[in-house]
Amino acid sequence: MSSDTPTLLVIGSKVVLDSPLCRHLQSSLTLAHASNADQVIDVTTENEGIDLLLMDVGSIGDSAHETCLWLKTDHETRHMPIVVMLGDSQDAAKWLHMGAVDVITQGSSVEVVERHLNTLLELQHKTRLLTDIASLDPLTALASKQRLDEYLDIEWRRSLREFYPLSLISIDIDLFTAYNDQNGLASGDDALKRIARVLDSSSNRAADMVSRYQNDQFMVLLPVLELENALHVAERMVEAVAALGIPHPTSTVADVLTVSAGVATIEPSRDKRYQDLMDEAQEMLYRSQHDGGNQTQGVSL
C-alpha cells in the first residue's frame with residue numbers, strides 16, 4: 001500500500017470508537033467516525049481519502065439497513081467498500097446481497113478483524129491504481145473524458161449541498177486539422193502533448209481538473225470559482241499556448257499554433273443540469289472561434 005496511513009470510516013455510535021477493536025486499529029489506521037447517513041455525507045465531503053467503511057449494525061439499529069442502501073447508491077460513496085459488523089445471530093447473507101464486501105461478527109478477535117481489513121485495504125489500493133491509470137488520457141497523461149465527466153458529477157452534487165459556483169473552460173486548438181495535414185500526425189501528437197503540459201501548468205489549484213476531452217479539445221473544471229477569475233485562468237492558458245511558438249504557417253489566426261476558449265459559470269440548483277454548463281462553455285468556444293480565434297469569451301448562467 002501507499003506510505004500514507006489508510007483511513008477507516010467507522011459508522012456506528014460513539015461508544016464503538018472506545019471498543020477494544022477500534023483502539024487496536026488506531027495503531028495502524030486513521031479512524032474517522034459517523035453515526036448516521038447525514039454525518040457520512042459530511043465526513044466523505046471533507047475527507048476524500050476514505051479507504052474503507054466499517055459499519056456496526058448493532059449500534060445504529062434500524063437505520064443500518066437504510067444507511068447501507070444509501071451508501072451503495074450515492075455516487076460519491078458507492079465505490080467505497082463496506083465491511084459490516086454483526087451480532088452472532090444476524091443474517092450475513094442479507095448484507096452481502098446489499099453490497100457489503102465482507103461481514104464480521106462482534107465475537108471475532110481483533111487480530112482476525114485486522115487481517116480482514118488489511119486484505120481489503122490492499123485490494124482497494126490496487127483497484128485505485130488501476131482506476132487511476134484508466135482515468136488518464138494515454139497521449140497527454142491528462143484526465144480522460146470519462147474522469148472529467150465523473151468529477152463534474154461529483155462537484156455538481158457537492159456544489160448543490162454547499163452553494164458554491166462551478167466554472168468550466170472549453171478549449172480547442174485553432175485550425176489543428178490543417179496543422180496535421182501539413183506536418184503529419186506525429187508532429188500533431190507532439191504539439192498536443194506540449195499544449196497539454198502548458199494547460200496543466202497554467203491551472204494551479206489542487207481542485208481544478210484539466211482533461212483532454214476529445215481529439216484536440218480540452219476541458220478545465222474550476223470548482224468554487226466565479227466567472228471573472230475563471231476568465232483570467234482561460235486567458236492565461238490561451239496566452240501560454242501562443243507563447244510556445246509552435247509554427248503554423250498556414251493558419252489564418254496567427255503564425256503559430258493557438259487555442260480558443262469558452263468559459264461558463266453556473267450556480268447549481270435543482271432546476272438546472274450540469275449539461276447546461278457544458279453546453280454554454282461550448283457555445284462560448286464557438287463564439288471565440290467565430291470571432292477570429294486565439295481568444296476567450298465567457299458567460300455566467
Side-chain angles (χ1 to χ4, degrees), residues 2 4 7 41-50 75-76 128 131-137 139-173 192-214 217-244 259-269 272 274-282 284-285 288 295-301:
S2 68
D4 295 332
T7 298
I41 295 174
D42 294 337
V43 173
T44 54
T45 297
E46 295 170 2
N47 186 349
E48 296 183 356
I50 300 295
H75 184 88
E76 293 189 46
R128 280 185 173 174
T131 301
D132 288 345
I133 293 171
S135 67
L136 295 178
D137 172 64
L139 178 66
T140 64
L142 294 178
S144 65
K145 177 183 185 297
Q146 177 183 348
R147 182 69 187 101
L148 188 280
D149 289 341
E150 291 172 350
Y151 189 50
L152 177 55
D153 184 64
I154 290 170
E155 287 301 325
W156 182 268
R157 291 167 180 259
R158 185 171 296 158
S159 65
L160 282 173
R161 293 197 301 266
E162 301 180 15
F163 309 105
Y164 61 71
L166 289 178
S167 291
L168 185 68
I169 307 173
S170 181
I171 298 171
D172 196 65
I173 303 176
L192 281 169
K193 288 186 283 188
R194 293 179 65 186
I195 290 172
R197 285 195 295 270
V198 80
L199 293 178
D200 197 37
S201 64
S202 298
S203 173
N204 48 25
R205 299 187 315 157
D208 299 343
M209 178 176 286
V210 182
S211 73
R212 184 189 178 198
Y213 205 67
Q214 56 186 7
Q217 183 180 19
F218 301 87
M219 290 278 192
V220 186
L221 182 61
L222 307 167
V224 203
L225 209 62
E226 301 284 356
L227 177 63
E228 182 179 359
N229 289 326
L231 283 169
H232 289 322
V233 174
E235 289 162 358
R236 185 166 67 240
M237 290 178 168
V238 170
E239 292 169 359
V241 171
L244 287 172
V259 297
S260 296
V263 183
T265 300
I266 195 170
E267 295 278 353
S269 63
K272 297 176 182 176
Y274 63 69
Q275 188 61 47
D276 299 333
L277 178 67
M278 302 191 76
D279 290 346
E280 287 302 318
Q282 196 68 18
M284 291 300 103
L285 170 62
S288 293
Q295 61 180 274
T296 300
Q297 296 196 34
V299 65
S300 181
L301 281 69

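Here the closest non-hydrogen pair linking L301 and K272 is O-NZ, 4.0 Å. What you find for P223 and Y164 is that their closest heavy atoms are CB-CE1, 4.4 Å. Summarising the geometry of G262 relative to M284, their closest heavy-atom pair is CA-CB, 3.5 Å, with the distance given to 0.1 Å. Among all heavy-atom pairs drawn from I171 and A261, the shortest one is CG1-CB, 4.1 Å. Scanning all heavy atoms of the two residues, the minimum distance from A230 to I169 falls at O-CD1, 3.9 Å. In plain terms, the two heavy atoms of E267 and P165 that are nearest each other are OE2-CB, 3.7 Å.
With values rounded to the nearest 0.5 angstrom, T140 atom OG1 is found 9.0 Å from D200 atom CG. Atoms OH and CZ, from Y213 and R147 in turn, are 13.0 Å apart once rounded to the nearest 0.5 Å. Note that the OH atom of Y151 and the CZ atom of R158 stand 7.0 Å from one another [nearest 0.5 Å]. Interatomic distance, S300 OG to L227 CG, rounded to the nearest 0.5 Å: 5.5 Å. Here CD of Q282 is found 11.5 Å from CG of L277. Values are rounded to the nearest 0.5 Å.
No side-chain heavy atom of I266 sits under 4.5 Å from any side-chain heavy atom of L168. A 4.5 Å side-chain heavy-atom check between L285 and Q217 finds at least one atom pair inside the cut-off. Side-chain contact between L222 and N229: absent, with no pair of heavy atoms (C-beta onward) separated by less than 4.5 Å. For the pair K193/R212, no side-chain contact is recorded, criterion being any heavy-atom separation below 4.5 Å from C-beta on. In this structure, F218 and I195 have side chains that are in contact, with non-hydrogen atoms separated by less than 4.5 Å. Side-chain contact between E155 and M209 is absent, with no heavy-atom pair separated by less than 4.5 Å.
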(message) Evaluate M219 against Q214 for side chain to side chain contact (heavy atoms under 4.5 Å, CB included), listing each step before the verdict.
(response) CA-CA 9 Å; M219 290 278 192; Q214 56 186 7; over 6 Å; no
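Sorted by first and then second residue, the side-chain hydrogen bond (donor to acceptor under 3.5 Å, both in side chains) pairs involving residues 218-228 (not counting sequence neighbours) form an empty list.
Judged as a salt bridge (Lys or Arg N to Asp or Glu O under 4.0 Å), and not counting sequence neighbours, the contacts of R205 are D208. The salt bridge (Lys or Arg N to Asp or Glu O under 4.0 Å) test applied to D276 returns R273, not counting sequence neighbours. The side-chain hydrogen bond (donor to acceptor under 3.5 Å, both in side chains) test applied to T265 returns S167, not counting sequence neighbours. Residues passing the salt bridge (Lys or Arg N to Asp or Glu O under 4.0 Å) test with D149 are K145, sequence neighbours excluded.
Listed for the S203 side chain is no donor-acceptor partner under 3.5 Å among the backbone atoms of L199.
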Compile the donor-acceptor pairs under 3.5 Å between side chains in residues 232-242 and protein atoms, sequence neighbours left out, one pair per line.
residue, atom, partner, partner atom, Å
R236, NE, S202, O, 3.2
R236, NH2, S202, O, 2.8

